[in-house]
Amino acid sequence: MNSALSSPSPKLVWIGGWASSVEAWHPAIGTAYPQWSHAFVAAQELQDPGSDDLTDLVKLRGGEGAVAIAWSLGSLLALRAWNAGNWPEGMPLVAVCPVVDFCAEAGPWRRLHLDRMIRGLSRGREAVLEDFRKLVWEEMPPELADPWREQASRIPVPSLVRGLEILRDDRLSMIRPGAGLVLIEGTGDRVSPSLDAVLGKADLALLSRRTLATGHVPFLEDPEGFGRILSEL
């Protein structure tokens, strides 16, 4: 992985989360990580079952030598491709706050909660999105919260519903260890359950894991720590 991030113009391909395209935070991302160029893939582009779009889009937007950073729902979609052997060959994958099982008993998100969100979207998205934003990062700075709200308001409701259905129904009870995969977790993350709660200890011992004292958005809550992890890959 050192060769990818030490290339003359390394690129990070960000795969966003539910209602949260990382592209909404592009100015902050560029300021926090000026040593890299950035491309973005929205989770809504990758939600069709059995689609090969993830591999194609990540390769197209990243190019040779790119590193993918998949966050939240994006991490579930990316890890699903990784487990199936459909991940772009030679491209490192950094799964941030990986959503392994949103309905884990140890996690705060149960099927009932996700069904309630789906029903709420049929009555109006604003309250559902704002409740979710507060769960992701309650004290999100206005310069990040405002573009997030604006971007999320443009996502069609059927796409929002489909994302919640994936979070409700998809399961990853294991993650295939392999060179090029790194998992980054926030110790105060209120959205994603801890990997320890849903994966066997034997599996965890084989995985490359890093932790930061953050919530669900470690790359903006602690850009220095997150950047340090990237520089060590």
Side-chain angles (χ1 to χ4, degrees), residues 1-7 10-17 22 29 32-33 35-39 41 43 46 54-55 58-59 61-102 104 106-107 170-233:
M1 292 178 67
N2 286 321
S3 60
L5 285 176
S6 61
S7 60
K11 178 177 284 188
L12 302 179
V13 182
W14 299 82
I15 304 172
V22 181
I29 292 286
Y33 307 102
Q35 63 271 53
W36 295 297
S37 61
H38 306 278
V41 177
L46 308 171
L54 185 147
T55 299
V58 171
K59 288 170 62 176
R61 297 184 190 175
E64 187 175 355
V67 173
I69 299 180
W71 171 59
S72 197
L73 172 58
S75 73
L76 173 60
L77 300 172
L79 288 169
R80 186 168 63 183
W82 174 273
N83 278 348
N86 295 329
W87 187 253
E89 185 177 358
M91 180 179 289
L93 170 59
V94 180
V96 183
C97 299
V99 180
V100 179
D101 189 337
F102 245 49
D170 275 26
R171 292 290 178 274
L172 289 179
S173 58
M174 57 80 67
I175 297 175
R176 178 176 60 86
L181 174 65
V182 174
L183 310 174
I184 299 179
E185 303 170 76
T187 57
D189 188 352
R190 296 193 298 155
V191 177
S192 300
S194 168
L195 292 176
D196 297 279
V198 293
L199 295 179
K201 299 296 184 183
D203 294 329
L204 292 172
L206 297 174
L207 296 172
S208 177
R209 300 169 66 188
R210 308 286 191 276
T211 58
L212 291 170
T214 68
H216 194 59
V217 195
F219 49 89
L220 288 176
E221 293 179 73
D222 183 8
E224 182 177 346
F226 193 86
R228 187 164 51 250
I229 292 173
L230 293 182
S231 68
E232 295 169 353
L233 296 178

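In this chain, residues are counted from 1 in sequence order.
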Nearest heavy-atom contact between Leu46 and Leu54 is CD2-CA, 3.3 Å
Within the 4.5 Å heavy-atom criterion, are Val67 and Leu230 side-chain neighbours or not? no
Val191 vs Cys97 side-chain heavy atoms within contact, under 4.5 Å: no
List the steps and the verdict of side chain to side chain contact (heavy atoms under 4.5 Å, CB included) for Ile29 and Leu220. CA-CA 7 Å; Ile29 292 286; Leu220 288 176; 4.1 Å; yes
Side chains of Leu79 and Leu93 in contact at under 4.5 Å (non-hydrogen atoms): yes
Kindly assign one of parallel, tilted or perpendicular to the pair Phe219 and Phe226, based on the angle between their ring planes and the thresholds 30° and 60°. perpendicular
Note, Ile175 side chain near Leu181 side chain (heavy atom, < 4.5 Å): yes
Determine the minimum heavy-atom distance between Trp87 and Ala68, stating which atoms define it. CZ2-CB, 3.4 Å
Flag the pair Leu76 / Asp170 as yes when at least one side-chain heavy-atom distance between them is below 4.5 Å, and no otherwise. yes
Is there side-chain contact between Pro98 and Leu195, with at least one heavy-atom pair below 4.5 Å? yes
Closer than 4.0 angstrom, basic N to acidic O: yes or no for Arg209 and Asp196? yes
Would you say Arg176's side chain and Trp82's backbone share a donor-acceptor pair under 3.5 angstrom? yes
